[in-house]
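Below, all heavy atoms of this structure are taken into account, side chains as well, without hydrogens, waters or symmetry copies.
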Amino acid sequence: KEARKDPTIKHIFVQSHLPVLNPVRKTLSSAMFFDRGPKSKFWQLMVQYGVDVYFAGEVHANTALKDEFSNTLQIVSKGGNCFVQVLVDEDSFTVNNFYETGEKYQIVKSFEKFGSIMVNKTNPGDVQITSSGTMRLVDVRNPIMHFTFDEVNTLWERQVLGLSTRELIRARQIDMRGMTLVHAMPNYGEFGQQYDAQVGGITLKRGEVSESAGIFNGHMSNMGIFSVGPLVAGNVISYSLWFKTRQKSEAILIHFGHGWNSRTSDEKDMFTLTLDGGSPKLYARSSSILQSSEPNGLALNDNGWHQLAISMPHSGCNLSQVKMFVDGARIPTTVRNDVTLFFVNHGRLSMGGLGFSATTETEFPSWNRFIGQMDEVYIWARTIWKNDLVNSPKRIFVKEMRNTCATKRRRGIKIQKLTNLKRKNKCRKRCSRLTPCLGFKVVTQNEGTETVACTLYLHRRPKFKVDEEQEGRNNTLCAT
């Protein structure tokens, strides 16, 4: 308050230890957090008096976040082989993030700038914030993790803070569940390479959902994320993935479990999605389970591609309030031993198995490693929106001629002509049938007659919008 009264003070910075805003990247940390987050009196006081940046640490990784209703920033940074540099002038300031470079740790270190955030306050009514690299502001509207199974890299190629040895800045291998891993699956979500998944024994093949899919072979396959979290306390988290399997036993799809065992962490929740005999289950604890109550049952282990998603409607919800979606449609659920979700703050995520978590096979004897194919895994730090669920699987499309699409099948060619569809509802229905066909999009070619054309889609994954207000149902629009 006093600083804001002094005209000679141009910027206000506050430094403490614990992150207030979430989600933040974390590694090799107990990942403590600030109760009530942005609703706390501490944070609201900083917003009230126009604090420019709140600097925090604790989690041994770097994250920049902006308050939803003000220009107050939170910058969480790591020491040791990283540091931040703050440059100020009269109407602006810049925060740069530097990483140690080279193959091995040196007494005389060399650093390189990997990220920057600049705030220009020349016009107080229109503050301009630009960010890049490791200091790029996290946008929680986007998935924080996204695994496409299109490629793998060596551990050396993409640095993960904390994944190192006493000598090497970047480790060349790491052990998981008795397997030595040397590769990583890139994370294309907001949390970037810090949340790459370390993998082994997963084969990539030409996909039907996206460019490629991952083949899991049970005990021969491992996929886990070395970094901690990002689930914490009762904050919202959602999962979505595509899979294809014949597995009858209960299989792990996405697991979030304790990073290590302790008395306090054992009292907090996991968030593990499994498929049991073709029916999905969501575990908060061994005795607290959300599962499908579909009257006719589900058989998602029919060796066909299915999308499964779970979504928390708000922070601190009960397990019974979590929504479950199969192939884009919400399904009825029932819960055994309902609990208010409060996640362990130093847990770890994995796909198809137990990964780096401290969870053991003896704790959950019914669980098995996944056998089948998996693709397009998303982790959100928000409630899932309906248009997150319309990214449907593809088939191999070839362009035969103008205004014509063809699905290439093993037995012949099936042609779908799309000309002269003059009614919008027909266009939507036809477009809905085409959303499994990645590689082309349906667009309105002539606004007057509303004819449509099937044109080559230049990006790998078109996203189709959902018009629920006009249609009253979840049809897919013919739009980019």
Below 6.0 angstrom between ring centroids: does that apply to Phe34 and Tyr54? no

Verdict with reasoning, Val119 to Val53, per side-chain contact (heavy atoms from CB on, under 4.5 Å): CA-CA 10 Å; Val119 178; Val53 182; 5.8 Å; no

Write out all pairs satisfying ring pair (Phe, Tyr, Trp, His ring centres under 6.0 Å) with one or both partners inside residues 112-145, taking only residues at least two apart or from two chains. Tyr99-Phe114

Checking Leu341 against Ile237 for the side-chain contact (heavy atoms from CB on, under 4.5 Å) test, could you report, in this order, the C-alpha distance in whole Å, the side-chain angles of both residues, the deciding distance, and whether it holds? CA-CA 11 Å; Leu341 293 172; Ile237 201 77; over 6 Å; no

Heavy-atom closest contact (Tyr105 atom, Thr165 atom, distance): CE1-O, 3.4 Å

Tightest non-hydrogen contact, residues Ser227 and Val160, listed as OG-CG1, 3.9 Å

Would you call the rings of Phe83 and Phe98 parallel, tilted or perpendicular if under 30° counts as parallel and over 60° as perpendicular? parallel

Could you work out, with salt bridge (Lys or Arg N to Asp or Glu O under 4.0 Å) as the rule, every residue matching Lys5, not counting sequence neighbours? Glu2

Can you tell me which residue among Asn153, Val377, Val199, Ile225 is in a side-chain contact (heavy atoms from CB on, under 4.5 Å) with Met185? Val199

Identify the heavy atoms of Asp196 and Ala184 that sit nearest to each other, and give their distance. CB-CB, 4.3 Å

Identify, with sequence neighbours excluded, every residue that meets ring pair (Phe, Tyr, Trp, His ring centres under 6.0 Å) alongside Phe271. Tyr239, Phe343

Please list all pairs passing the side-chain hydrogen bond (donor to acceptor under 3.5 Å, both in side chains) test where one or both residues lie in residues 33-45, with sequence neighbours left out. Trp43-Asp67

Looking at residues at least two apart in the chain, or sitting in another chain, which of them share a ring pair (Phe, Tyr, Trp, His ring centres under 6.0 Å) with Tyr49? none

Under a 4.0 Å threshold between the charged nitrogen and the carboxylate oxygen, would Asp375 count as salt-bridged to Arg206? no

For the ring pair Trp242 and Phe149, is the centre-to-centre distance below 6.0 Å? no

Is the closest side-chain heavy-atom distance between Lys113 and Met135 below 4.5 Å? no

Can you tell whether the side chains of Glu58 and Lys26 come within less than 4.0 Å, N to carboxylate O? no

His183 meets the ring pair (Phe, Tyr, Trp, His ring centres under 6.0 Å) criterion, sequence neighbours left out, with none

So that I can tick it off, tell me whether Asp91 and Lys10 are bridged by a salt bridge, with the cut-off set at under 4.0 angstrom between side-chain N and carboxylate O. no

Heavy-atom count check: over 12 atoms from other residues, nucleotides or ligands less than 6.0 Å from Lys109 NZ? yes

May I ask you to decide if the ring planes of Trp380 and Tyr378 are parallel, tilted or perpendicular, using 30° and 60° as cut-offs? parallel

Over 60° means perpendicular and under 30° means parallel, so classify the ring planes of Trp260 and His346, tilted if in between. parallel

Heavy atoms from other residues, nucleotides or ligands near NE2 of His219 exceed 12 (cutoff 6.0 Å): no

Plane angle bin for Trp367 and His255 - parallel if under 30°, tilted between 30 and 60°, otherwise perpendicular: perpendicular

Taking every non-hydrogen atom, the tightest pair across Ile252 and Gly353: CG2-O, 3.6 Å

